[in-house]
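What you see is a predicted model; the values in this text were computed from it and never measured.
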Amino acid sequence: MNVIELLADLQAQRDKTTAGAGELRDQIEHLTAALTETEARLTDLATAAKVVAELAPAGGEPEPPETNTAYQAIVNAFNQHPNQEFQAREVHELLGMPTDEAAVNVTRARLGHLLRQGFLAQPGRGRYQKRT
C-alpha cells in the first residue's frame with residue numbers, strides 16, 4: 001500500500017467516523033427530548049393521581065394531609081438555603097426523608113410542580129433553586 005492509498009483509506013475512515021458521531025449526536029438529542037417529555041408526563045401523572053385521590057370518596061381511613069405538609073417542608077428548605085441548588089435526593093437528605101427511589105421520584109414530581117408554579121427555578125437539569 002502506497003502513501004496515497006494510505007491517506008485515502010485514512011480519509012475514508014475519518015469520514016465514516018464523523019458520520020457515526022453525527023448519528024450518535026442525533027440519537028442523544030432525540031433521547032434527551034424523549035426523556036424531557038417522559039419526565040413531564042410523570043409529573044402530570046403524579047398530579048392527576050393526587051387530584052383523583054383528593055376527589056375520591058373516602059372508603060376507609062382518610063388520607064393524611066401529607067402532601068401539603070411535604071410541599072411546605074420543601075419550600076421551607078429552599079427558603080432556608082435561597083442561593084443553593086439541590087437535586088431531589090439532596091432535598092430528601094436535607095429534610096431527613098427516606099432516600100429510596102420511589103420516595104425520591106415523588107419529591108421529583110413535587111419539585112416539578114413547584115417549578116411550574118414559579119416557586120422554584122431550574123438552573124440545570126435535575127437541579128432546583130429558590131426563584132429569586
Side-chain angles (χ1 to χ4, degrees):
M1 180 178 278
N2 66 32
V3 173
I4 294 174
E5 291 173 341
L6 180 60
L7 288 173
D9 185 48
L10 287 173
Q11 184 62 42
Q13 288 181 33
R14 182 173 182 258
D15 293 344
K16 183 178 177 182
T17 303
T18 300
E23 289 174 10
L24 289 172
R25 282 187 201 93
D26 291 343
Q27 288 177 7
I28 289 170
E29 186 177 314
H30 171 74
L31 290 172
T32 300
L35 178 60
T36 300
E37 290 175 18
T38 301
E39 287 174 338
R41 178 73 174 141
L42 282 171
T43 301
D44 292 344
L45 289 170
T47 301
K50 177 185 166 208
V51 169
V52 169
E54 289 175 359
L55 296 176
E61 280 183 30
E63 286 286 319
E66 177 271 329
T67 302
N68 290 336
T69 305
Y71 278 107
Q72 190 59 50
I74 292 169
V75 170
N76 289 341
F78 279 98
N79 285 338
Q80 291 173 0
H81 305 280
N83 297 321
Q84 190 170 347
E85 297 177 12
F86 293 100
Q87 292 181 325
R89 187 169 302 280
E90 294 167 336
V91 171
H92 267 249
E93 291 168 358
L94 182 67
L95 298 174
M97 298 168 70
T99 57
D100 60 280
E101 197 59 35
V104 173
N105 282 338
V106 171
T107 296
R108 200 170 278 122
R110 288 179 177 139
L111 290 169
H113 182 74
L114 291 169
L115 176 71
R116 285 189 304 281
Q117 289 196 337
F119 292 107
L120 300 178
Q122 194 169 28
R125 184 166 177 249
R127 305 209 52 85
Y128 301 89
Q129 182 177 26
K130 181 179 178 183
R131 184 174 299 277
T132 54

Would you check if Gln11 and Arg14 make a side-chain contact, meaning some heavy-atom pair closer than 4.5 Å?
yes
Could you tell me the separation between the OG1 atom of Thr107 and the CG atom of Leu95, rounded to the nearest 0.5 Å?
8.0 Å
If you apply the rule side-chain hydrogen bond (donor to acceptor under 3.5 Å, both in side chains), what do you find for Gln13 with Asp9, and how did you get there?
CA-CA 6 Å; Gln13 288 181 33; Asp9 185 48; 3.0 Å; yes
Mind checking the CD-CD spacing from Glu90 to Glu85? Nearest 0.5 Å is all I need.
9.5 Å
Value rounded to 0.5 Å, distance of CG in Leu120 from NE2 in His113:
10.5 Å
Step through the shown structure and confirm whether more than 12 heavy atoms of other residues, nucleotides or ligands are within 6.0 Å of CG on Leu7.
yes
Mind checking the CD-CZ spacing from Gln87 to Arg125? Nearest 0.5 Å is all I need.
10.5 Å
Quick one: does any side-chain atom of Glu5 pair with a main-chain N or O of Asn2 as donor and acceptor, under 3.5 Å?
yes
If you define the side chain from C-beta out and look only at heavy atoms, does anything of Arg116 sit under 4.5 Å from Thr43?
yes
Would you find a donor on one side and an acceptor on the other, under 3.5 Å apart, between the side chain of Arg131 and the backbone of Gly118?
yes
Minimal heavy-atom distance between Pro82 and Asn79, with the atoms involved, is CD-O, 3.5 Å
With the side chain counted from C-beta on, respond yes when Ile28 and Thr32 share a heavy-atom pair under 4.5 Å apart, and no when they do not.
yes
Closest non-hydrogen atom pair between Ala46 and Ala109, with its separation:
CB-CB, 3.7 Å
Heavy-atom closest pair (His92 atom, Val104 atom, distance to 0.1 Å) is NE2-CA, 3.6 Å
For a 4.5 angstrom cut-off between non-hydrogen side-chain atoms, does Arg108 reach Glu101?
yes
When the ring centroid of Phe78 is compared with that of Tyr128, is the distance short of 6.0 Å?
no
Rounded to the nearest 0.5 Å, the OG1 atom of Thr47 sits from the CG atom of Leu42 at a distance of 10.5 Å
Measuring only between side-chain heavy atoms, which start at C-beta, is Leu94 closer than 4.5 Å to His81?
yes
